[in-house]
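A note on names: the letters A, B, ... follow the listed sequences, proteins ahead of strands, and every chain is numbered from 1.
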Amino acid sequence: MKVRFAPSPTGKLHVGNIRTALMNWLFVRKHGGKFLLRIDDTDHARSTKVFEEGIYADLAWLGLNWDETARQSDRDAIYQAAADRLKADGFLYPCYETSDDLDRKAKIARSRGLPPIYDRAALKLTDAERAAFEAEGRKPHWRFKLTGQRRVWTDLVRGEQPVETGSMSDPVLIRADGSFLYTLPSVVDDVDLGVTHIVRGEDHVTNSGAQIEIFLALGATPPALGHFPLLVGADGEALSKRIGSLSVDMLRDEGIDPRAVNAVLARIGTSDPIEVVQSMDTLIESFDFAKVGRAPARFDVEDVRRVDAQLLHGADYSSVQDKLVALDADLGEDFWLAVRANLASLDDVKAYAQVVRGPVTPVIEDPAFAATAAALVPDGPLTGESWQAFVAAVKDATGAKGKALFMPLRQALTGMGHGPEMGPLFALIGADKARARLKGEAV
RNA sequence: GGCCCCUUCGUCUAUCGGUUAGGACACCAGAUUUUCAAUCUGGGAAGACGGGUUCGACUCCCGUAGGGGUCACCA
């Protein structure tokens with residue numbers, strides 16, 4: 001078994017791409033086989049090395065390892081040979097319309113309520129007309145002549161899936177400048193590199209109908225096909241490929257755990273719950289195309305943040321220490337254990353580190369109360385038990401209790417109205433700083 | 001517009017003709033924390049609409065509405 005993830009280096013990987021990569025990866029890791037990473041850079045004008053490097057970096061970050069790499073720009077000779085064969089066998093025909101011509105035709109068709117598909121006018125060209133275009137210096141682009149038949153396959157996720165190849169345009173396989181469009185290299189590579197299963201989004205369903213005919217024209221057997229539903233935004237609108245806010249590197253920069261990204265994208269739109277999963281093995285084990293629904297699923301980044309937070313709440317000190325150092329918030333294991341349950345994101349740890357280290361601007365509404373408390377802060381090193389004794393003393397001295405007792409102390413000591421349990425925090429802050437803050441000093 | 005697909009709690013979904021329509025997240029409430037958060041427990045919450053078929057329909061059929069995809073010299 002071999003699957004492929006074939007991104008084009010024309011932009012950053014976004015959650016939709018990652019979901020495709022994950023589906024392939026999970027599928028092949030579950031059943032055993034090769035994961036091919038193919039860089040589809042046939043669009044020379046838009047493909048860049050920078051984006052290609054970004055793809056490697058993003059996949060590595062997510063832990064989606066691959067077994068083989070191929071770059072389409074290296075394989076031109078193979079595509080050329082296939083194209084020659086298709087031409088020789090009469091599957092391709094030359095067309096001389098310009099992009100403007102085609103635009104115009106499509107617009108006219110649309111305005112008449114007709115499907116905007118190519119009218120095959122080039123098929124009716126006489127040799128003399130073709131010669132005239134050539135004499136003008138026009139170079140043809142080449143289309144694959146679809147049979148117009150109804151193609152049906154058993155889709156891995158959708159079941160029986162028909163496509164009317166008569167309802168779509170004959171795909172252009174070769175540009176006027178001689179370069180290839182995605183469709184031909186994709187099929188040629190799938191054959192040549194031995195891809196057995198194509199798993200991709202449902203935006204390729206119609207495409208698959210045409211590609212099946214190209215596989216056949218090449219004398220090959222089409223691979224098994226699986227098309228899963230696309231993601232839509234939280235508002236139900238289509239998730240645009242151009243929404244940069246959903247790019248993978250943005251999630252990484254936000255400090256999100258890649259496991260949270262994987263967990264959400266692997267489970268969204270499936271019957272398995274979106275929940276904290278500690279390891280990819282769990283995801284691999286639970287993966288099944290039968291669990292994937294057929295309706296578009298709503299993607300909400302908040303789900304990723306939520307899972308990320310839950311991961312943090314149970315994270316061991318050793319597993320986050322490096323990240324804490326990077327954030328300049330490594331104050332030891334006691335500190336981590338004290339604050340982790342209160343983190344919505346790892347970034348929040350910086351604020352608590354500052355609470356411990358200072359300076360903190362105390363929030364004091366009742367100076368007299370705070371001053372009384374300041375005098376009751378015990379001397380010497382504070383322990384986990386110091387807080388309880390301190391609070392009891394303040395309660396005796398002021399008569400305050402409950403929220404009226406705790407809130408003013410929390411606000412004066414931390415400058416915040418929320419946060420981790422005060423016991424451990426109090427010990428971490430220390431007697432000197434606690435006393436000073438209660439007196440209103442920003443230390 | 002043609003072709004393809006979809007429509008169950010706010011969200012992701014289970015149900016493969018007979019169920020008090022189940023779960024997860026979110027939400028609300030209670031407990032706990034002598035505070036907020038975290039945590040635990042409980043609760044409210046759904047079959048787009050209209051026709052059929054059937055003893056019986058969320059489930060099958062038709063129609064309507066809504067959503068997604070595609071119809072590029074993008075991938």
Side-chain angles (χ1 to χ4, degrees), chain A residues 6-11 40-43 45-47 95 97-99 102-103 106 109-118 139-143 150 155 158 161-169 171-177 179-183 185-186 200-210 227 229-232 234 236-239 241 264 267-275 291 293-300 302-303 306-307 309-310 313 339-344 388 391-392 395 400-411 414 416-423:
Chain A
S8 61
T10 55
D40 279 15
D41 54 356
T42 54
D43 185 350
R46 297 194 299 145
S47 298
C95 303
E97 293 90 348
T98 63
S99 297
L102 295 171
D103 276 354
R110 228 182 269 276
S111 70
R112 285 188 189 152
L114 297 170
I117 62 176
Y118 180 58
K139 293 282 181 230
H141 56 278
W142 296 75
R143 288 185 190 263
R150 180 184 176 85
D155 196 277
R158 332 180 101 208
Q161 175 66 52
V163 164
E164 300 288 348
T165 65
S167 70
M168 65 183 101
S169 291
V172 175
L173 261 35
I174 310 173
R175 295 188 181 89
D177 68 2
S179 65
F180 301 105
L181 274 99
Y182 144 88
T183 315
S186 177
R200 61 206 333 190
E202 70 177 1
D203 51 334
H204 283 283
V205 170
T206 313
N207 229 316
S208 288
H227 298 84
L230 265 15
L231 256 21
V232 294
E237 293 300 303
L239 194 60
K241 291 174 182 171
V264 172
R267 271 5 180 168
I268 188 169
T270 75
S271 53
D272 283 326
I274 293 177
E275 61 189 0
K291 293 179 181 171
R294 300 242 258 158
R298 292 184 189 227
F299 173 81
D300 190 343
E302 287 310 315
D303 289 332
R306 200 193 74 236
V307 172
Q310 288 175 358
H313 296 168
V339 304
R340 65 176 183 181
N342 269 78
L343 304 175
Q388 233 179 333
V391 171
K395 182 181 181 183
K401 60 180 178 178
K403 192 165 186 170
L405 171 63
F406 275 77
M407 230 1 143
L409 293 176
R410 174 183 284 285
Q411 289 180 327
T414 71
M416 295 188 278
H418 62 92
E421 278 190 63
M422 285 305 296

I'd like to know if A:Asn207 reaches the base of B:A75 with its side chain, counting only an N/O donor and acceptor under 3.5 Å.
yes
Can you find a donor-acceptor pair, distance only, under 3.5 Å between A:His418 side chain and B:C36 base?
no
What's the gap between B:U33 and B:A37 when it is taken at their C1' atoms, as a whole Å value?
10 Å
Applying salt bridge (Lys or Arg N to Asp or Glu O under 4.0 Å), name anything that partners [X], two or more places apart in sequence or on another chain.
| X | result |
| --- | --- |
| A:Arg110 | none |
| A:Arg294 | none |
| A:Arg158 | A:Glu202 |
| A:Arg306 | A:Asp303 |

Distances under 3.5 Å only, N/O to N/O: pair up the protein atoms with those of nucleotides 4-11 of chain B.
{"from": "B:C4", "atom 1": "O2'", "to": "A:Gln161", "atom 2": "NE2", "distance (Å)": "2.6"}
{"from": "B:C5", "atom 1": "O3'", "to": "A:Arg294", "atom 2": "NH1", "distance (Å)": "3.4"}
{"from": "B:C5", "atom 1": "O2'", "to": "A:Arg158", "atom 2": "NH2", "distance (Å)": "3.2"}
{"from": "B:C6", "atom 1": "OP1", "to": "A:Arg294", "atom 2": "NE", "distance (Å)": "3.3"}
{"from": "B:C6", "atom 1": "OP1", "to": "A:Arg294", "atom 2": "NH2", "distance (Å)": "2.8"}

Quick one: is A:Ser179 getting a side-chain N or O under 4.0 Å of the B:C73 phosphate, OP1 or OP2?
no
Test of understanding: with side chain to side chain donor-acceptor pair (under 3.5 Å), list the residues that count as partners of [X], not counting sequence neighbours.
| X | answer |
| --- | --- |
| A:Lys139 | none |
| A:Glu275 | A:Arg267 |
| A:Asp40 | A:Arg38, A:Gln72 |
| A:Ser179 | A:Arg175, A:Asp177 |

How long is the line joining CG of A:Leu102 and P of B:A72, in whole Å?
8 Å
B:C12 C1' sits how many Å from A:Arg267 CZ, rounded?
12 Å
How would you list, by chain and number, every residue that makes a ring-ring contact (aromatic ring centres under 6.0 Å, His included) with A:His227, sequence neighbours excluded?
A:Trp153
Can you find a side-chain donor-acceptor pair between A:Ser208 and A:Arg200 that sits under 3.5 Å?
yes
Do any N or O atoms of the protein come closer than 3.5 Å to N or O atoms of nucleotides 43-50 of chain B, and which pairs are they?
none

Expected rows: protein N/O vs nucleotides 32-35 of chain B N/O, under 3.5 Å:
{"from": "B:U35", "atom 1": "O2", "to": "A:Arg410", "atom 2": "NE", "distance (Å)": "2.8"}
{"from": "B:U35", "atom 1": "N3", "to": "A:Arg410", "atom 2": "NE", "distance (Å)": "3.2"}
{"from": "B:U35", "atom 1": "N3", "to": "A:Arg410", "atom 2": "NH2", "distance (Å)": "2.8"}
{"from": "B:U35", "atom 1": "O4", "to": "A:Arg410", "atom 2": "NH2", "distance (Å)": "3.2"}

